[in-house]
Q: 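Pasting in a structure now, in structure tokens, and then I'll have a few things to ask.
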Amino acid sequence: MKLATWNVNSIRQRERHVAEWVGRVQPDVLLLQETKCEETQFPAEAFAGLGYQTEVVGQKAYNGVAVLSKAPVEVVHRCLPGLDCDDVQARYIEVRTEGLTVGNLYLPNGNSGGPAGYDYKLRWMECLAARAEALLEADEPCVFAGDYNVCPTDEDLAPGTLPAEDALVRAETRAAFRKLLWLGLTDAVRAVQPRGKAYTFWDYQAGAWRRDAGLRIDHALLSPEVAERLVSAKPDRDERNQPQPSDHVPVVVELAG
DNA sequence: ATGCCGGGTCCTACCCGA
């Protein structure tokens with residue numbers, strides 16, 4: 001089974017990239033973030049033609065997440081439990097498919113909106129931990145993947161890319177991410193490649209891609225029995241060489257069975 | 001140490017991302 005996560009930075013701008021990638025890589029499940037449109041504008045027909053069911057949580061202009069799946073999916077949640085569903089931003093969708101519960105997340109960046117913006121990020125991470133804990137306690141095989149907007153360690157960003165007080169690298173941010181690991185979740189890419197660069201994002205500006213001045217902020221966290229099935233996990237760097245690419249590349253996780 | 005790039009939208013100057 002092949003699962004992937006990809007912040008596409010507008011699905012309408014990246015429809016052809018995603019269709020080409022999906023047709024070539026053939027993931028069973030693809031989690032998309034920053035689709036940046038309402039549900040009615042999402043080009044689901046293009047992916048239906050490739051054999052994928054699509055489930056979308058959309059919002060005008062900002063955020064937006066979607067799940068593409070070959071096998072039928074059942075939507076469990078359209079927002080992160082613990083946050084107010086009525087006014088929450090479109091940042092979470094959770095589905096059940098192929099015996100797995102899959103949470104697709106677009107975690108707040110936390111650098112905008114002052115202290116309240118950063119508090120929202122930390123609150124979001126607390127709610128994510130609570131949701132993960134509930135599923136783990138129920139022995140539910142699960143995956144939480146998406147754009148975490150967290151560089152877990154100093155190896156996860158090019159030196160000099162971000163100041164120490166940036167919301168992606170702050171001590172409280174990293175502690176909140178480690179809490180997810182301590183619950184028993186496995187960082188798929190780091191399980192395969194414990195050390196070194198595995199960037200998933202490069203800024204459009206200042207020649208960041210050319211200089212390989214990247215960040216590792218897109219992650220797939222696996223429950224214990226899913227982690228035991230882990231075969232491979234890595235960012236697909238080649239996608240960043242496409243014309244008009246997203247600033248993020250897909251992260252692909254292969255599971256046995 | 002950001003908004004140089006590249007999305008978005010009350011269509012065009014401004015907001016936002018990481």
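In what follows, every chain begins at residue 1, and chains take the letters A, B, ... in the order their sequences are listed. For clarity, every value in this text was computed on a predicted model and none was experimentally measured. Atom set for the values below is all heavy atoms of this structure, side chains included, hydrogens, waters and symmetry mates excluded.
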Q: Might you list the N or O atoms of the protein lying below 3.5 Å from N or O atoms in nucleotides 9-12 of chain B, with each pair's distance?
A:
residue, atom, partner, partner atom, Å
B:dC10, OP2, A:Lys60, NZ, 3.4

Q: Charged N to carboxylate O below 4.0 Å: is that the case for A:Arg216 and A:Asp187?
A: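 The answer is yes: the pair qualifies as a salt bridge.
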
Q: A:Tyr106 side chain N/O closer than 4.0 Å to the phosphate oxygens (OP1, OP2) of B:dA18?
A: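 Yes, A:Tyr106 has a side-chain N/O under 4.0 Å of OP1/OP2 on B:dA18.
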
Q: Measuring from the side chain of A:Gln13 (C-beta onward, heavy atoms only), which nucleotide among B:dA18, B:dG17, B:dG8 has the closest atom?
A: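 So the nucleotide nearest the side chain must be B:dG8.
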
Q: Reckon A:Asp218 touches a base, only the sugar-phosphate, or nothing at all at heavy-atom distances under 4.0 Å?
A: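 Counting heavy atoms under 4.0 Å across all strands, no contact is made by A:Asp218.
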
Q: Which listed nucleotide (B:dG3, B:dA18, B:dG17) is nearest to the side chain of A:Asp203?
A: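 Given the options B:dG3, B:dA18, B:dG17, the side chain of A:Asp203 is closest to B:dG3.
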
Q: Rounding to a whole Å, what distance do you find between A:Trp209:CH2 and B:dG6:C1'?
A: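 It is 17 Å, rounded to the nearest whole Å.
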
Q: Would you confirm whether A:Arg240, through its side chain, and A:Thr200, through its main-chain N or O, come within 3.5 Å as a donor-acceptor pair?
A: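 Here the side-chain-to-backbone pair does not exist.
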
Q: At 4.0 Å (heavy atoms only), tell me whether A:Arg14 reaches a base, stays on the sugar-phosphate, or touches nothing.
A: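 Sugar-phosphate: the residue A:Arg14, judged by heavy atoms under 4.0 Å, touches backbone atoms but no base.
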
Q: Under 4.0 Å between a side-chain nitrogen and a carboxylate oxygen: does that hold for A:Asp147 and A:Arg91?
A: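 Salt bridge: no.
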
Q: In chain order, what residues pass the ring-ring contact (aromatic ring centres under 6.0 Å, His included) check against A:His219, with sequence neighbours excluded?
A: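 A:His219: ring-ring contact (aromatic ring centres under 6.0 Å, His included) contacts with A:Tyr148, A:Phe177.
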
Q: If you check the A:Ser10 side chain, which of B:dG8, B:dC5, B:dG17 turns out closest?
A: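 Among B:dG8, B:dC5, B:dG17, the one nearest the side chain of A:Ser10 is B:dG8.
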
Q: Name every donor-acceptor pair, under 3.5 Å, that has one atom in a side chain of residues 122-138 of chain A and the other anywhere in the protein, sequence neighbours excluded.
A:
residue, atom, partner, partner atom, Å
A:Arg131, NE, A:Glu94, OE1, 3.0
A:Arg131, NE, A:Glu94, OE2, 3.4
A:Arg131, NH2, A:Glu94, OE2, 2.6

Q: Does A:Gln205 get its side chain close enough to the base of B:dG3, under 3.5 Å, for a donor-acceptor pair?
A: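 Indeed, a donor on one side and an acceptor on the other fall under 3.5 Å apart.
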
Q: How are the rings of A:Trp202 and A:Trp209 set relative to one another: parallel (under 30°), tilted (30 to 60°) or perpendicular (over 60°)?
A: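 The arrangement is perpendicular - the two ring planes meet at more than 60°.
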
Q: Given atom CG of A:Asp247 and atom P of B:dC5, what is their separation to the nearest angstrom?
A: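 The answer, rounded to whole Å, is 14 Å.
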
Q: Return yes if the base of B:dA18 and the side-chain atoms of A:Asn149 contain a donor-acceptor N/O pair under 3.5 Å, otherwise no.
A: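 No pair found.
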
